Amino acid sequence: QVQLVESGGGLVQPGGSLRLSCATSGFTFSLYVMSWYRQAPGKECELVAFITVGGATNYVDSVKGRFTISRDNAKNTVYLQMNTLKPEDTAVYYCNAKLGTGSYWGQGTQVTVSS
């Protein structure tokens, strides 16, 4: 049974930091491109960052220099370190695993950036 479980979200003040985790099971994690998406109220789901099987990363422009995606294949876990958070980062953050035409999604974790 495939599972992707996000954790680490919460309420944080502007300028603060959070680290999201996505613990996975039920598939060969090391073969999948792992991504973080987010969806803010009233907006479409946005790709935030991805990391390839070889460790190459990319980010949406709005988070470059502030967010870092990483993966630990031994733990089947992908992370998103979020620094210098802004109110515009408020969204539900989703973990995604993709291989070819197939993909898996987590349930999401809420990140709220507010004073």
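For reference, positions follow the sequence shown, starting with 1. A quick note: this is a predicted structure, and the numbers were derived from the prediction, not measured.
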Please say which of I51, N58, L47, L80 ends up in a side chain to side chain contact (heavy atoms under 4.5 Å, CB included) with S35.
-> L47
Pairwise distance SG(C22) to OH(Y104) - rounded to 0.5 angstrom = 13.5 Å
Whether F27 and Y32 hold their rings parallel, tilted or perpendicular, with breakpoints at 30° and 60° = perpendicular
With F67 as reference, evaluate T84, N83, D89 under the side chain to side chain contact (heavy atoms under 4.5 Å, CB included) test and give the passing residue.
-> D89
Shared hydrophobic cluster, L99 / L4 (ILVMFWY, side-chain heavy atoms < 4.5 Å) = yes
Does a salt bridge link D61 with K64, judged by any charged N lying under 4.0 Å from a carboxylate O?
-> yes
Could you please spell out the steps behind the side chain to side chain contact (heavy atoms under 4.5 Å, CB included) verdict for S114 and L11?
-> CA-CA 7 Å; S114 177; L11 175 64; 4.2 Å; yes
For V113, does its backbone N or O pair with a side-chain atom of T90 as donor and acceptor, under 3.5 Å?
-> yes
Check the angle between the aromatic planes of W105 and Y37 and answer parallel, tilted or perpendicular using the 30° and 60° thresholds.
-> tilted
Quick one: does Q81's side chain have a donor or acceptor within less than 3.5 Å of a partner on R19's backbone?
-> no
Start with the C-alpha distance between R66 and Y59, add both sets of side-chain angles, then the distance that settles side chain to side chain contact (heavy atoms under 4.5 Å, CB included), and finish with yes or no.
-> CA-CA 10 Å; R66 300 188 297 119; Y59 304 87; over 6 Å; no
Among Q39, M82, E6, the one residue meeting side chain to side chain contact (heavy atoms under 4.5 Å, CB included) with Y93 | M82
